[in-house]
2 protein chains.
Amino acid sequence: MPNFPKPLPEIQMTVDVIIFTVTAGQLNVLLIRRQSEPFAGTWALPGGYLQADEISEDSAIRVLRDKAGVREPFIEQLYTFDALDRDPRGRLVSIVYYALVPEESLKINTRPDLQNPTLVPVTALPDLAFDHADMVEYAITRLQSKLEYTNVVFSLLPPTFTFTELQRTYEAILERPLDKRNFQKKFASLGLIEATSEMTSGDKHRPARLYRFIDNKPTELKKFF
Amino acid sequence: MPNFPKPLPEIQMTVDVIIFTVTAGQLNVLLIRRQSEPFAGTWALPGGYLQADEISEDSAIRVLRDKAGVREPFIEQLYTFDALDRDPRGRLVSIVYYALVPEESLKINTRPDLQNPTLVPVTALPDLAFDHADMVEYAITRLQSKLEYTNVVFSLLPPTFTFTELQRTYEAILERPLDKRNFQKKFASLGLIEATSEMTSGDKHRPARLYRFIDNKPTELKKFF
DNA sequence: CCAAAAGTGTTGACTGTACACCCATGT
DNA sequence: ACATGGGTGTACAGTCAACACTTTTGG
């Protein structure tokens, strides 16, 4: 390639991961507190250097395991951020992934030596190190549109769930209320979920039917919402 | 980050670019013929090494200028490919962009010392070097869905165009015929284009009205097709 | 006058949206 | 008995999809 000088070794690569989960009707992101400079003490996304013998997706999966105790996440590459000034240490290119995790499969160990991994609602994000705020913003946009034409929501829910839990998950991410009757009609007609014979119990109201996803595989749909 | 060893310098980065244009009702990709090993003599996407002082998008824009003579393209990051065995020379991570270019703004110089840049219809792609076939396939899928909910098609058309040219562009990319009356109704109702006072002439049939896009900025739309 | 592409409306099916009341349970 | 969320149907509006003939030009 005539007009490209030879490869330069000064560029280093990192992988950052945006771990989403929905708790109590809120969309949350997992953040860590940086121990070292730059941005020591500031909240940031978990991540690390890309290893020469590891693909970036595996690297992201490793971060998920170490920081959130999650083993089989939904994970997808989001974007590669490579602005020249994004890291004061020099040219660092970051391949960013986002992951969707059901609340109950999270096993977060907030030990300081693991950088205090903490769930933070996206509606109340603190200042973030580097360009991590841009990354989160972009990931939310992507997640919102992904919800509308795929079945990825199953990655955020436990094996069985009520219609209301499903609807609350959508509402948390789309940040708008949905009509209960229309939501149920729509979802029922998609054929993605089926009723189980189980009902909730112990709540101080009428028990709710539990449903499950028929297959837990990412699928594209025509239209959604 | 306790469980990440220190940065390793052995990873190198490249930028590859998928340049799309529509000619004669066909979607084409610009390919070059590799001069050097590996894959010498094989068709490949144009690209080059990422420079330490240049962001990947500018690198992609430079490729466009050098190989296709294009100055103000629509360009978007597609995906970062980093499989361990994607390049026999070692660990090379490629940030891939795709660009949309109107036929008449292309100035391709097929000189062998510029690696014979050549437009090839996507329906008749030769074997490609590295994982470039995967890249093209993914880019086509992305382009198809992008067409359905954005106005990016303007990047593939000249400043003024007929309704039929617009429709043929959609058909070339979506790879299916569209109904003429429904297409015109739909597009007219979107308010993206306006009639000029000009008509085509010299064709051996009735002249057609020429239209233009009201603004040439990427815009998201509700629904499209 | 023939060939070629331009231009133009209507109908029926389907999909989306708005909206309110009774039910089953725990306290 | 009351409070809480569960569960259900209808009507109207908007959008989508199918479909064919007349017009204008060049040759």
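Per chain, numbering begins at 1; letters A, B, ... match sequence-line order.
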- Task: Can you label the angle between the B:Phe163 ring and the B:Tyr211 ring as parallel, tilted or perpendicular, going by 30° and 60°?
- Result: perpendicular
- Message: Please report the distance, rounded to the nearest Å, between CG in B:Asp203 and P in C:dA4.
- Response: 13 Å
- Note on the structure: Expected string for nucleotides 3-10 of chain D under the B/S/- scheme (protein heavy atoms, under 4.0 Å, primed atoms plus P, OP1, OP2 as sugar-phosphate) is -BBBBBBB
- Task: Using whole Å, report how far CG of B:Leu166 lies from P of C:dG7.
- Result: 12 Å
- Taking all non-hydrogen atoms of both residues, which atom of B:Asp16 and which atom of B:Gly47 are closest, and how far apart? OD1-CA, 3.7 Å
In a table with atom names and distances, give each donor-acceptor pair under 3.5 Å that connects a side chain of residues 100-108 of chain B to protein atoms at least two apart or in another chain.
from: B:Ser105; atom 1: OG; to: B:Pro102; atom 2: O; distance (Å): 3.3

- Rounded distance (Å) that lies between atom P of C:dT8 and atom NZ of B:Lys186: 18 Å
- Item | Residue A:Asp127 excluded, over 12 heavy atoms near CG under 6.0 Å | no
- Inspect the surroundings of CD in A:Glu72 and state if more than 12 heavy atoms from other residues, nucleotides or ligands are less than 6.0 Å away. no
- Query: B:Leu178 has an atom CG; how far is it from atom C1' of D:dA18, in whole Å?
  - Reply: 14 Å
- Message: Take a 6.0 Å sphere around CD of B:Gln35 and say whether it holds more than 12 heavy atoms from other residues, nucleotides or ligands.
- Response: yes
